[in-house]
Each structure stands twice: as C-alpha cells, then as structure tokens.
Amino acid sequence: MEVSDEENGPSPNKPLNGTNGHDRKRQKMRKSFPNGAAVNGVNGVSKAQHLQEQRAQLPIAQGLEALVREIAAHDVTIILGETGSGKTTQIPQYLLECGAFPGVIAVTQPRRVAATSLAARVSQEQGRPLGTLVGYAVRFDERTGAETRVKYLTDGMLVREMMSDPMLERYGVIVVDEAHERTLRTDLVLASLKKILRARNGEESGKGKARAHNPLKVVVMSATLDAEKFSKFFDNAPVLYVKGRQHPVSIYHTSTSQVDYVDAALRTFFQIHVDQPPGDVLIFLPGQEDIESLESSIKSYANQLPSNSVGVTLCPLYASLPNAQQSRVFTPTPEGTRKCILATNIAETSITIPGVKYVIDTGKQKEKRHLARMTGSGFDTLLTTDITKSSAMQRAGRAGREGPGFCFRLYTEEAFDAMALSSEPEVRRSSLTSALLQLRCIGHDLETLDFMDNPDAEAVGAALRTLWILDALDETKRLTKLGRSIAAFPLEPQLAAILLASVEHHCTADVISILSLMSASAPLFPDSSAQRDAASEARTKFRHPSGDHWTMLNVFRAYDEVCGSESKGGRRDWCKRNFVNERALREAGDIRTQLRIVCDRANINKEISCGQDESPVLKSLVRGLLQHTALLQPDGTYKQAMGPSIIKIHPGSFLTEKRSPAIVYNELVYTTHIYARGVSAVSKSFISDFPKRVTSGRAGS
DNA sequence: GAGCACTGC
C-alpha cells in the first residue's frame, strides 16, 4: 500500500493545477514587487529573487489566478490543500497582490508558533520588515502596524477580537486555516462567521438586499478530509483542490496484532537500523513513560552491536521536555550515526522534523477524557487509546517530506480499517463554560448558534449552571455586569471570578500570582520519581499550612526576589536547587503581566496585598471554585459540596494526610481513585456563605 | 501513598 497524493483524499471538484502557463506567472510575480530589490539592497536582490523563484515553483503557483477568481466570485470558498502545497503562505499574498480585496486579510492558525513563523516567512517573501505589511498577533506578542494588510493570528485571538469587534469590520478576508483540526476556537470562529456573513453581505445574492458596503470573504482551508461537510455548512460553497508536494510513503502493517508495542517498536527499529539504508527514524509513542523505557532499551541493545556498526543518536521529544533538549531533534545527525526520534504526537502536527525517512507508528496516543461532568463538574482522566485514520495518515506522511519514505505500522491492516476516521471535534469533548460566556458577550447564543457539530446538551447545561453559580448569568440566562467583567480576563471564568472576588477581599496582588501559576501550562512542581525525596525536602521551606495555593504563592514571592537580585543563570540555579519548574514561573510571569494590564483597564487596583493573612485569598478561591469544594466525612474522605463523588487528596499535595473540615481544589483527576489536586484547607463557613448555591447544586446533581 | 497527550486567550 502506498500513500500518494491521489490516495490522500477525495478527488478534486475542480483541479486547478496546470491551468495557467508557468512563464506568464513568473513575470506577473516580478511585476508585483518593484520595491523588493530596493529595500533589500545589493545582497537582497539575489535573496529576494531566490525567494520569488521558490514561490513560483510551489505546487500551488500555477493555479493561483483561477483560485483567486473563485474566491472573488463567492462569499465562502473551501480549499483542500495537501501538506507542502504552499496554500497558507501563497493564497494570502495573492489576495493582497491582486488588489481586489480591500481591508485586512486575517489568517487564523490553531498554534502560536505557526502564526509567528508563517508571518515571518511571508513578510520576507514580500521584502518588507515583519510587522509592517505583514504581521502577526498571538498571546503575549503582537507585531502589526497601521499599514498591516496580512495578519496571521491564532484562532483564539480572533475569538478575543470578536468581543470588541463583533462583525470583524476591520477584515475584508478571513482565512481559516487547518480547519480540519476542528479546535474549539476554530468551531467558534466558523459558527460566528456564518452569522457575520449574513449581516455583512446580506442574504444570498439574487434576491433582496443589495450588497453591503463592507462585504466579507471567507476562505476555509483544510487537509483532505471533511471537505463536503465544510461546503454544506456554508450553503454548498465551492470546493477547490490544491495538490501538495509529498513524496510517496510505503506503508507496512504487521500480520498479527502486537500486545507489547514498546517491544515491537524496539525490534522494528533494529530491523531498520541493521538492514536499511541511511535515514532518520521517527517513532510515535503515547507518552513520556514509554519514551523513557524504549530509550533505555535501544541504548543498551545499541551498545551490544559490533563496534564498527553505525551508532544511534537518540532524541526523546515530548512537550514537557525542556526546550534545549527538544531542539536537539533539529541538530544535524552526527556523522556515522542514525538519528532516532522518540516522540508523542507533538511530532504529528506541532513540530516537523527534517530528514525523517522511516516512521514507526505504535498506533497509540494518550487522550484526556472528561467524565461525569454533571456531577459537580466532573473529573478528568488520561487514557491510552487507538489513534484515528487521519492521525495514522498524518504520522505516515512525516516520512515523505524530503524523499520517498517508509512507515511501519505496529498494527494490522484490519486494525487500521477499524479505526475511527477522525477524532470528535473539541466542541463535543470539552467544557463550554468559557465559550458560552464569550459568545454571550458578542450577542450570540451558544444554544441556538449554528455549529458544524452541535454541542452536547448536557455540556451546555453544565456550562449554564456554572456561569449562573458564578453570577455571570442571571436566572433568565442573561449576561450580568459581573459576567462581562469576567469575560474581559484571559482566564477560565472560574478563575476570573476568583480575581474579581479578590478585589472585595483586598488581596488582588496575591491572587493574580496564584492564578497565573494555576493557568500556566507547565506544573510548578514536576514529579521526578528519581529524586522524589530530595525534591520534597527542598520544597519544604515554601510549605504553607493552609495548603497548595499559599505554597505556590510563597514560591512565586521567593522567585520574584531572586529575579530582583540574580542573573539569568542564578535564577536557573535557584529553580534547580529548589526543584521548581522555571518554565512554569516564566510563563506565569507573562500571564501575570497580562492580567495586571487588564486590571488597569478595568480600574482594579492590582497592587493590594494581604501580606501573610491567608483567609482573604482562600475566601476568593472559594468564590470561583464553589463547585470544587468538598467536606470532610467521619471516615477521613471528602465528599463534594455540590456533587455526589467521594474524593481523596492527591498524594502529591502538600495537604495530603491532613484533615480539614473543608477543602477547595483546582481539579479532580481519576487514576486509582478520584483525587483532588491543588488543594487548600478552608473554613466550612466560607462555603456556607453561599447556601442557595450549594443547596441548588445538590438538588440539580 | 502517586503517574503529567496536545493546544489556546
């Protein structure tokens, strides 16, 4: 079996390649950039020319004019583009150059790095400094100016912008890229765009209103699956097909199913390593644990090979790995060795590794599942599951980026056939609390808005209830003044409610620090099993009797002092010595800066601290996390105040083994028990201050 | 007495 361009997806509705003469196109391109050479100077001429030649050679270049004609003729155009087609860099430039589309061209991306690096590339192709004609906007970082006409931004950023500009008036074209990934924010953007199109362009042309003065064009770009679904969603919008530049990948399945996929990966790797020509190997595994175990097995077997054989350079790759170690995958493979990358599905979409010729696919991944969300907001669990067909194809494609490749699947062809086509869109899987509130702020109802896939009624009910408990919505589900304030913060609504409660309790400075650490993606206290005792010893000095929130605050306060006196290296040493994650502290620092700016805008005094008095902070926490509180039972376990579950304090918590009449916690995780993580002891009265909420919560659960 | 796939404002 072979993955080729033709096999990768449905056949084209309108093949566009080869419809235009190659030479004509090149001339047209040069004409479009009279200033490029002047800006760049003598050396720049050849560089700019080189870039233009590269552009002209992209698979998409020959169909661009026809593509733009289609976009001009329709409100919405769906573009199916394979990887390597150049659609994301070229289409926005062509829309700009042809001069037919006034206003700013927005291009959304699910990931920050994609938005920033695409903007850098495209502004280079335009021969202009980044942030002038071409710019980007992602969280913590924006480079745009008054003359910016092409703006790459994350889909979450566009959702934020809709809250102050509900009709997205500043944009003439909105390109939604990677739409097949169906992130929650992409789905929010698509649903809103459908409504915005009706408002800005009027009803479908032919009858009724004349075209409005500021019409909007929408371009939806997707990989090869689900095109018809996008087309149907946008009233049968035309589907255009763009060919990619992908080399063929030969795919092999096992004849029997493999129970131990780590062992199977080990054997397959050495078959490749011993028998096959040079070329790096990428192995997909579900998680860190498997990566570490396979790494040590490969190491020990590689040492037993004859001394004259090719060595192995091992590169583990997963998100929580420090950046310096992640970037090892990009360093050239040392002479006389074969690079072997052991990766999670971070290598499926987020990181593209050059030089890979062989892929070994275990067919497994880890997936976060939210269980029993109606029972006091539910709990999360992390399961190892089978991947989907589209994941399997994406993984195989990683072998064919630079030349013909090979993919060894550690599962049978029958198992592949039995896989789901693609994973459920995020809107069907995740909490809708934040989405519902944001939509309310721009006057949309999540309950009635037309989505690609409609949200689950239970999840909508849970979100409504949470927002009502926070006083963000009133009894009639109308947005309150508090709800609008909550939505102004780039935080989960529960956490934003804590921040606003801190104003009344005069501890905003302290609470902002805690919330920043809570919403950072990396954990402050990583659990390194190897040095567990040393770690807990070193962390003792930060320990606060009330529990984890104040302990986190103590760490942040200490780190702030270190930052005032130490160099970059000194800070790193301090973190290492104390077994705290510097990445978490740096990210929290960025979040804290952003939260302080929003506070200023909302006329909130961000400087007020409660010093060492713990109750104001704890009272604020309870206000936002009412659904995450539990009461001590006679047997020493805890029962949710607003749900039926019996829970335990996670052994990693500083409060474990302690008995407090009541606790508040960040999250519940289900492993061997239902554990509460990020726990603080609170007075029962803090919870019963909201009797109506607690009672009604019980009745509803 | 225990286990952290991946994103985003």
Side-chain angles (χ1 to χ4, degrees), chain A residues 108-115 137-142 153-164 178 181-189 284-292 317-321 343-351 362 364-369 380-385 387 391 423 426 429-431 434-435 437-438 441 486-493 495-496 515-516 519-530 532-533 536 581 584 587 590-591 594-595 597-598 648-653 655-657 667 669-678:
Chain A
T108 72
Q109 293 293 320
R111 282 168 291 279
R112 292 160 47 94
V113 274
V138 299
R139 189 182 191 184
F140 308 130
D141 195 7
E142 171 160 6
L153 73 176
T154 48
D155 45 18
M157 205 67 185
L158 192 68
V159 171
R160 260 296 141 196
E161 287 190 5
M162 279 197 293
M163 292 173 67
S164 57
E178 310 283 10
E181 289 193 26
R182 301 292 308 279
T183 69
L184 176 59
R185 278 131 202 114
T186 294
D187 276 14
L188 288 178
V189 165
F284 282 101
L285 291 147
Q288 182 180 349
E289 196 184 351
D290 289 329
I291 287 174
E292 282 168 357
L317 182 65
Y318 45 90
S320 60
L321 203 65
T344 61
N345 50 17
I346 192 172
E348 209 178 286
T349 47
S350 302
I351 295 180
T362 58
K364 300 287 179 189
Q365 64 177 348
K366 280 195 184 179
E367 198 178 58
K368 200 172 198 167
R369 292 254 178 98
D380 292 325
T381 183
L382 204 62
L383 293 172
T384 301
T385 61
I387 60 169
S391 271
S423 38
E426 210 182 350
R429 291 184 281 130
S430 52
S431 161
S434 193
L437 182 66
Q438 285 173 337
C441 288
I486 286 174
F489 287 92
L491 291 169
E492 288 297 314
L495 302 192
L515 294 175
S516 301
S519 51
S521 57
L524 179 61
F525 301 114
D527 188 19
S528 54
S529 49
R532 192 166 286 162
D533 290 342
S536 79
N581 188 351
E587 193 186 336
D590 285 339
I591 297 171
Q594 199 187 18
L595 294 179
I597 293 169
V598 181
K648 289 184 167 184
I649 296 176
H650 194 278
S653 165
L655 212 65
T656 191
E657 299 295 298
E667 58 174 355
V669 291
Y670 177 62
T671 53
T672 53
H673 291 99
I674 304 175
Y675 284 113
R677 286 167 71 172

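What's counted below: heavy atoms across the whole structure, side chains too, no hydrogens, waters or symmetry copies. Chain letters run A, B, ... following the sequence lines, proteins first, then strands; residues in each count from 1.
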For A:Glu367, check salt bridge (charged side-chain N to carboxylate O under 4.0 Å, His left out) against everything at least two apart and list the hits.
A:Arg369
Starting at atom NE2 of A:His650, determine the distance to atom C1' of B:dG3, rounded to an integer number of angstrom.
7 Å
Would you call A:Glu181 and A:Arg111 a salt bridge, using N to O less than 4.0 angstrom?
yes
For a quick check of understanding: with a heavy-atom distance under 4.0 Å over all strands, which category does A:Thr183 fall into, base, sugar-phosphate or nothing?
nothing
Of the nucleotides B:dC4, B:dC9, B:dC6, which has the atom closest to the A:Leu382 side chain?
B:dC4
Which part of the nucleic acid, if any, lies within contact of A:Ile591, taking any heavy atom under 4.0 Å across all strands shown: a base, the sugar-phosphate backbone alone, or nothing?
nothing
Shortest side-chain distance from A:Thr672, nucleotide among B:dG3, B:dT7, B:dA5
B:dG3
The side chain of A:Met157 lies closest to which of these nucleotides: B:dG3, B:dC9, B:dC6?
B:dC9
How long is the line joining CD of A:Glu292 and C1' of B:dG3, in whole Å?
11 Å
Atom-pair distance (CG on A:Leu383; P on B:dG3), nearest Å:
13 Å
Would you mind reading off the distance between A:Leu285 atom CG and B:dC6 atom C1', rounded to a whole angstrom?
16 Å
To the nearest angstrom, how far is A:Arg369 atom CZ from B:dA5 atom C1'?
12 Å
It should be established whether A:Arg677 places a side-chain nitrogen or oxygen under 4.0 Å from OP1 or OP2 of nucleotide B:dA2.
no
Which part of the nucleic acid does A:Phe140 contact within heavy-atom distance under 4.0 Å: base, sugar-phosphate only, or nothing?
nothing
For the side chain of A:Val138, starting at C-beta, report the closest nucleotide among B:dC4, B:dT7, B:dC9.
B:dC9
Would you mind reading off the distance between A:Glu142 atom CD and B:dC9 atom P, rounded to a whole angstrom?
12 Å
Which is true for A:Arg111 with a 4.0 Å heavy-atom rule: it touches a base, it touches only sugar-phosphate, or it touches nothing?
sugar-phosphate
Holding to ring-ring contact (aromatic ring centres under 6.0 Å, His included), I want the full list of residues that pass it with A:Tyr318, two or more places apart in sequence or in another chain.
none
Rounded off to whole Å, could you give me the CZ-to-C1' distance for the A:Arg112 and B:dG8 pair?
9 Å
Round to a whole Å and report the spacing from CZ of A:Arg182 to C1' of B:dT7.
16 Å
